[in-house]
Amino acid sequence: MAKPTRRTFMAASAAVVTAGLAGPAEAAGQPADPQLREMLREIDPKRVEAIIRRLVAFGTRHTLSAQDDPARGIGAARDWILAEMQAHAARSGGRMTVALDSFIQPVSNRIPAPTRITNVVATLRGSVTPDRVYVVTGHYDSRVTDVMDATSDAPGADDDASGVAVVLELVRVMATRAPAATIVFAAVAAEEQGLYGSDHLAQTFKDQGTDVQGAFSNDIVGTGDAHDGTPDDSRTVRLFVEGVPTAETAAEANIRRSVGGENDGASRQLGRFVTAVARQSLTGMRVRPIWRRDRYLRGSDHISFLLRGYPAARFTEPRENFAHEHQDVRVVDGVQFGDLIEFCDFGYIARVARVNAAALWSLAQAPGTPKGVVIDTTQLTNETTLRWQPNPEPDLAGYELVWRETTDPDWTHSLPVGDVTTATVDLSKDNVFFGVRAVDEAGNRSPVAAPQPSS
Ligand SMILES: [Zn+2]
């Protein structure tokens, strides 16, 4: 028998490819999806406005405010959000379920007495790979200057009725659709007291071994006009996305110090995916990635997911007016303080909802991010071999290698390698950064997974 060539020997499970075959990296994600375009059209600024007006009308939604008053306080807001989600879920053909995720937070920082905290959660079960989950949150609690003041009016129109409006609009337009993967829509509480609601939600996912492959916090997404005399920037939304993973282990940190990767954490890959699929021509919005976990002195609910090792990011408006956040409603020297609805731009918030819809739908319809991706480091060689676990999707077409110069911000080259679980390319792993993504028969691409060294 003839000695098999290296190519034929590896053909059954592997690809051996030449870097010269690579094309420019096509944008991650989706071909134009008619269902997504429909949903983007259905997102309605008038509904956004109605949601925020209703939430503001509860007076305060402070986490320590009344839980049993039907008109004022966080309990009334909780019940209204629950009823809204249930009404939308009723049109879902049983795919969407709504539940309260409720727990007692013991005495802790900014929680002076044991307090019931309740997240309101709608789950749209995936029709093909329901075990793969994406999460979107906004927080429905609000505050004024004193974070312990549970009685003063705390309209929280921008922070964060705007984020809840995004979540509720997504619930409404997606309830009648059937994404391949599962999408969880959560209005979380106690963000202002210390992320307690999202912390409980993320920990519950972790305890249940849920495969959350992306989570987004929408927090302060109310306007592109800071109302401070600076130019209006109503076509930009920031996406805060970390590089070095919050949950990085000491061993992972050692590898990163050795060979780099501070720009290739799972959240950074998620950010690249979102920028590609929520492109301005589709959503009317420029996603401006900010390569840090969050703003100075602030943190939002995506951090609860990052702490559990889940990829996550935060949407927020382009420039904030701090006179409108976390402030008692008052006028000082003719200047209006307070988080009032008059400073919200409902068209802007609808566009942020469209960005979220494009991101979530594209994630849910594409294959999942490849798992177990390693780069072979068992021998010193100037070619590169990558291995990974097979994806579970029934319509999987195969995989692509992607790479870029180590100094480039985003992937510049992609190379289809077929439906294999290992591939070798004649390029030195020392000189570029590599990644792997999955592609389905419709051409939808997953987020990229960066490899760990094989041991
Ligand atoms: Zn907030």
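Model, not experiment: these values are computed from the prediction. First listed ligand is number 1; within each ligand, the first listed atom is number 1.
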**OP:** Have a look at D159 and say which of its N, O or S atoms is nearest the Zn ion (ligand 1).
**Re:** OD1

Subject >> E192 backbone or side-chain N/O/S under 2.8 Å from the Zn ion (ligand 1) >> reply: no

**OP:** May I have the step-by-step check of side-chain contact (heavy atoms from CB on, under 4.5 Å) for D294 and E242, ending in yes or no?
**Re:** CA-CA 8 Å; D294 210 326; E242 71 177 17; over 6 Å; no

**OP:** Describe, in one word, how the ring planes of F305 and Y310 are oriented to each other, choosing from parallel (under 30°), tilted (30 to 60°) and perpendicular (over 60°).
**Re:** tilted

Original post:
How wide is the angle at the Zn ion (ligand 1) between OD2 in D219 and NE2 in H139, to the nearest 10°?
Top reply: 90°

**OP:** Answer yes or no for R404 and F433: cation-pi contact, defined as NZ/CZ to six-membered ring centre under 6.0 Å and angle to ring axis within 45°.
**Re:** no

Subject >> Any residue meeting ring pair (Phe, Tyr, Trp, His ring centres under 6.0 Å) with F103, in chain and number order, not counting sequence neighbours >> reply: H200

